[in-house]
Amino acid sequence: MKTSNNISFAWFITISTLCFLANSQLTTNFYSKSCPNLLTIVRQQVKIAIKAETRMAASLIRLHFHDCFVNGCDASVLLDGADGEKPALPNINSARGFEVVDSIKSAVESSCSGVVSCADILAIAARDSVLLSGGTSWPVLLGRRDGLVANQTGANLMLPAPFESVGNITLKFEAVGLNLTDVVSLSGAHTIGQARCATFGNRLFNFSGTNAPDSTLLDPNMLSGLQNLCPVNGDGNQTTPLDWNSTDLFDNHYFQNLVNGRGVLESDQALYSSDQAVSTTRSIVELYSKNPKTFFTDFANSMVKMGNIQPLTGSAGEIRKNCRVVNS
Ligand code: HEM
Ligand SMILES: *[C@@H]1O[C@H](CO)[C@@H](O)[C@H](O)[C@H]1NC(C)=O
Ligand SMILES: *[C@@H]1O[C@H](CO)[C@@H](O)[C@H](O)[C@H]1NC(C)=O
Ligand SMILES: *[C@@H]1O[C@H](CO)[C@@H](O)[C@H](O)[C@H]1NC(C)=O
Ligand SMILES: *[C@@H]1O[C@H](CO)[C@@H](O)[C@H](O)[C@H]1NC(C)=O
Ligand SMILES: *[C@@H]1O[C@H](CO)[C@@H](O)[C@H](O)[C@H]1NC(C)=O
Ligand SMILES: *[C@@H]1O[C@H](CO)[C@@H](O)[C@H](O)[C@H]1NC(C)=O
């Protein structure tokens, strides 16, 4: 009995180790021989794209997030088609930057054809976008391969909505191996980029049937600005910065905004103001609002964790030629 327990234990250790290895197959030097200039090429292309449109940094970071939460970081979000992820609710009229990813991919292909995955390009572009917006940096793990299927149901099911509670959003992060620290640090990406009226207009006039705006939106100037931008039955595609303090800078002002009732999305402000936040996210928001270095360190760690969600490695999947379609 004792021996068989020991054997089971030995197997447990072996299998746990194998699982751990399977999870850490990505490496920083994966393309050092097959595409030595990869990081320079992607950096250059991201620079060009951000110079043409500052917001593109935000859009590229979000693509990596929307990729990784659905079937892992496998570039499934990039696949065209009516049954793809692009028409899913969190992405339609919202996810953007696909043309920029095409440009990066073709620049990479012309230097090293057929070796770099679209999933890795998203991971590098996200890192570069944060850095080029004034934020932190981290060594990007590489070696992901591209998936063969998109998952529209998965996109609708797994991606968090701005109308969800902190508890529900946390469950969605936990479903992909991320925790409460990751929820808050990664939400800090909302320090750049824009949101459409359709995603927060419900807060402005008759919030949850109260006949009043969301009482956690404390800044009267911001409230009237948003009410003017997003009248009832107005154009839901109108956009406003997620961070009204320093719109295009990757800094910790998003968290300072939350402490001051200046979050744009209901889900953003809920990280500080909701009842659920009191014993969960509120203290982390306060920490990051006062300590930009801690935010940067935690954000970098969380991005690496997010980039490690279920990557395809070895001979799984493929290296797509065109990021929008599976190879024939
Ligand atoms: C915590 C749950 C999250 C929710 C509920 C959420 C929701 C949203 C919504 C509703 C928008 C505006 C989309 C639109 O109006 O079309 C948005 C934008 C954005 N999100 Fe999130 N998000 C979350 C987490 C994240 C994470 C983890 C990241 C990246 C690490 C991220 C990065 C961004 C960026 C950069 C934008 C601006 C995109 C642009 O300007 O093109 N978000 N998010
Ligand atoms: C789509 O995503 C859902 C939710 O993660 C998952 O249960 C399902 O197996 C996925 N389907 C495919 C075809 O990958
Ligand atoms: C949370 O998730 C549950 C189960 O999916 C759902 O019934 C509920 O409406 C959600 N609530 C919020 C506020 O997100
Ligand atoms: C989340 O995970 C990280 C390690 O990835 C850990 O350092 C951190 O303490 C965890 N946070 C919580 C709230 O469990
Ligand atoms: C506010 O919303 C509630 C519930 O949806 C509704 O009954 C009420 O008529 C609305 N008030 C106005 C002024 O539209
Ligand atoms: C946003 O624009 C798209 C495409 O032009 C349109 O189909 C959609 O109805 C608009 N959405 C909202 C919420 O107004
Ligand atoms: C942004 O926040 C800083 C620090 O709280 C403040 O000094 C500055 O006036 C704010 N800027 C804007 C445009 O709100």
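The residues of the chain are indexed from 1 along the displayed sequence. When a ligand or atom number is given, it counts from 1 through the structure's own listing order.
At a 4.0 Å heavy-atom cut-off, ligand 1 does not touch A198 at all. With a 4.0 Å cut-off on non-hydrogen atoms, N71 touches ligand 2 through its side chain and not its backbone. Neither the backbone nor the side chain of E164 comes within contact range of ligand 1; no heavy atom lies under 4.0 Å. At a 4.0 Å heavy-atom cut-off, ligand 1 touches T199 through the side chain alone.
Residue contacts with ligand 1: R96 is placed with no nitrogen or oxygen under 3.5 Å of a nitrogen or oxygen of the ligand (distance criterion only). Residue-to-ligand polar distances place R196 within reach of ligand 1: an N/O pair is separated by less than 3.5 Å.
Contact atoms of ligand 1 toward I169: 1 (C), 2 (C) (distance under 4.0 Å to a heavy atom of the residue). Counting the atoms of ligand 1 from 1 in the order shown, those under 4.0 Å from a heavy atom of A195 are 12 (C), 15 (O). Which parts of ligand 1 touch S267 is read off a 4.0 Å heavy-atom cut-off, strictly below it: atoms 5 (C). Residue contact check: Q194 has heavy atoms under 4.0 Å from atoms 12 (C), 37 (C), 39 (C), 40 (O) of ligand 1. The A161 neighbourhood of ligand 1 comprises atoms 5 (C), with distances under 4.0 Å to a heavy atom of that residue. For ligand 1 and R55, the ligand atoms under 4.0 Å from any heavy atom of the residue are 39 (C), 40 (O), 41 (O).
When each of L122, D67, I121 is paired with L78, the side chain to side chain contact (heavy atoms under 4.5 Å, CB included) condition holds for L122 and for no other. T294 pairs in a side chain to side chain donor-acceptor pair (under 3.5 Å) with only one of the listed residues (T297, N291, D298), which is N291. Exactly one residue among D219, D243, T191 makes a side chain to side chain donor-acceptor pair (under 3.5 Å) with N257. That residue is D243.
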Evaluation steps, side chain to side chain contact (heavy atoms under 4.5 Å, CB included), between L204 and L217: CA-CA 9 Å; L204 303 178; L217 208 177; 4.1 Å; yes
Pair D120-Y31, side-chain hydrogen bond (donor to acceptor under 3.5 Å, both in side chains): steps then yes or no: CA-CA 10 Å; D120 279 344; Y31 298 108; 2.5 Å; yes
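E286 and K290 are not joined by a salt bridge, as no carboxylate oxygen comes within less than 4.0 angstrom of a charged side-chain nitrogen. K86 and D80 are joined by a salt bridge, as a carboxylate oxygen and a charged side-chain nitrogen come within less than 4.0 angstrom of each other.
No side-chain donor-acceptor contact under 3.5 Å links Q276 and T280. A donor and an acceptor atom, one from each side chain of D214 and Q269, are nowhere located under 3.5 Å apart. Side-chain atoms of R282 and S274 include no donor-acceptor pair closer than 3.5 Å. Using modelled atom types and a 3.5 Å distance limit, the side chains of Y254 and N245 yield no donor-acceptor pair. In this structure, a donor-acceptor pair under 3.5 Å is present between the side chains of S185 and S302.
For F69, the ring-ring contact (aromatic ring centres under 6.0 Å, His included) partners at least two apart in sequence or on another chain are F65, F173.
Scanning the protein for heavy atoms near atom 35 (C) of ligand 1, the closest one is A58 O, 3.1 Å. The protein non-hydrogen atom at the shortest distance from atom 16 (O) of ligand 1 is S94 OG, 2.5 Å. Of all protein heavy atoms, the one lying nearest to atom 27 (C) of ligand 1 is L186 CB, 3.5 Å. Of the protein's non-hydrogen atoms, S59 OG, 2.7 Å is the one closest to atom 41 (O) of ligand 1.
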Check: every ligand 4 N/O to protein N/O pair under 3.5 Å:
residue  : atom   : partner : partner atom : Å
ligand 4 : 2 (O)  : N179    : ND2          : 2.3
ligand 4 : 2 (O)  : K305    : NZ           : 3.0
ligand 4 : 5 (O)  : K305    : NZ           : 2.8
ligand 4 : 11 (N) : N179    : ND2          : 2.9
ligand 4 : 11 (N) : T181    : OG1          : 2.7
ligand 4 : 14 (O) : N179    : ND2          : 3.4

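Taking a 4.0 Å cut-off on heavy atoms, F173 registers as neighbouring ligand 1.
Listed by chain and number, the protein atoms of type N/O/S under 2.8 Å from atom 21 (Fe) of ligand 1 are H190 NE2; waters are omitted.
At a threshold of 4.5 Å between non-hydrogen side-chain atoms, the residues V149 and S76 do not count as touching. Between R96 and R55 the shortest side-chain heavy-atom distance falls below 4.5 Å.
Sorted by first then second residue, the ring pair (Phe, Tyr, Trp, His ring centres under 6.0 Å) pairs that include residues 198-232, not counting sequence neighbours, number zero.
A donor-acceptor distance shorter than 3.5 angstrom exists from the side chain of N252 to the backbone of S289, with no hydrogens or angles considered.
Ring centers of F299 and F250: under 6.0 Å apart, within the cut-off.
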